[in-house]
Amino acid sequence: MPTSSASTTDSAKPSAAGGVQSLERAFDLLERMADAGGEVGLSELSAASGLPLPTIHRLMRTLVACGYVRQQANRRYALGPRLIRLGESASRLLGTWARPYLARLVEETGETANMALLDGDEIVYVAQVPSKHSMRMFTEVGRRVLPHSTGVGKALLAGVPDDEVRALLARTGMPAATEKTITTPEGFLAALAEVRRLGYAVDDNEQEVGVRCLAVSVPDSPTAAAISISGPAGRVTEAATDKIVPVLQQIADELSAALVSQNQA
């Protein structure tokens, strides 16, 4: 793997947590790039991280040499292709850990259970356990959708500051998947306020006509994650919602504990 002078100057310095300072800084920069939509300039990274420009330049040069960051023609930096393989592997593993919890969700609610992550500006489904009903909802694992039309998107973005949500919506746009899709930032922010008030999110025919979805975020997950159930609107009624939501919240808490335990192992 390529190296640079940053690995010989910064890497030997221990961090306050006992780790390697340059590694902690490099990962922090990658996460800040992801939060900014995947492309930033050095001055933006310096302002956000508080690190001096020479330090950021050395770290970014190393990340470029390793393929985790690439420099654009406009001299800004973008997340690189080598991160894709790492992300896909991590997503598959996270989905594997989640499947037993999703299976319990199916047993207790009777509806298809999903797990999704916020990957950049998109929602990606990483695990699913289908309902046993003949009429059931299928979402292909690996499918990517925009967050404004999904229950899991609302659940994940409810914890994000409004200005960051507005910036995300400006980047993605808000195309209508159905007549009920929310297509204005104000409408979506109002929906997120309702998610925070209720403790769960609803997709009511907004992604697909005839389908309702209930979703909650997985608290304290190492990466932003949500679980959901989806089914025909005739089964996932308001009355069913009152029974399903507590089950969703309990299983999300149990999954959270398991993921935190795995992360600390």
Without swapping roles, check the side chain of [X] against the backbone of [Y] for a donor-acceptor pair under 3.5 Å.
{"X": "Arg143", "Y": "Tyr125", "value": "no"}
{"X": "Ser217", "Y": "Pro219", "value": "no"}
{"X": "Thr181", "Y": "Thr183", "value": "no"}
{"X": "Ser131", "Y": "Gly110", "value": "yes"}

Any ion pair linking [Y] and [X] (charged N to carboxylate O, less than 4.0 Å)?
{"X": "Arg166", "Y": "Glu186", "answer": "yes"}
{"X": "Glu44", "Y": "Arg32", "answer": "no"}
{"X": "Arg197", "Y": "Glu194", "answer": "yes"}

Salt bridge (Lys or Arg N to Asp or Glu O under 4.0 Å) against [X], all qualifying residues, sequence neighbours excluded:
{"X": "Glu179", "answer": "none"}
{"X": "Arg75", "answer": "none"}
{"X": "Asp253", "answer": "none"}

Atom [atom1] in [X], atom [atom2] in [Y]: separation rounded to 0.5 Å?
{"X": "Arg212", "Y": "Asp203", "atom1": "CZ", "atom2": "CG", "answer": "8.5 Å"}
{"X": "Leu248", "Y": "Glu111", "atom1": "CG", "atom2": "CD", "answer": "11.0 Å"}
{"X": "Phe188", "Y": "His148", "atom1": "CZ", "atom2": "NE2", "answer": "8.0 Å"}
{"X": "Leu214", "Y": "Ile244", "atom1": "CG", "atom2": "CD1", "answer": "5.5 Å"}
{"X": "Met115", "Y": "Leu105", "atom1": "CE", "atom2": "CG", "answer": "12.0 Å"}

State plainly whether one hydrophobic cluster holds both Val126 and Val218, where clusters connect Ile, Leu, Val, Met, Phe, Trp and Tyr through side-chain heavy atoms under 4.5 angstrom apart.
->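 Same cluster.
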Are Asn114 and Ser228 linked by a side-chain donor-acceptor pair shorter than 3.5 Å?
->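 Yes, side-chain donor-acceptor contact under 3.5 Å.
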Indicate whether the side chain of Ser149 and that of Gln207 have a donor and an acceptor atom separated by less than 3.5 Å.
->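 Side chains of Ser149 and Gln207: pair found under 3.5 Å.
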Is there a side chain to side chain contact (heavy atoms under 4.5 Å, CB included) between Ile182 and Lys154 once you walk through the steps?
-> CA-CA 11 Å; Ile182 300 171; Lys154 292 176 188 174; 4.1 Å; yes
So do the side chains of Leu156 and Pro147 get within less than 4.5 Å of each other, counting heavy atoms only?
->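 A side-chain contact is absent here, since even the closest heavy-atom pair is not under 4.5 Å.
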Going by heavy atoms in the side chains, are Thr112 and Val106 under 4.5 Å from each other?
->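 When only atoms from C-beta onward are counted, Val106 and Thr112 do not touch, as no gap falls below 4.5 Å.
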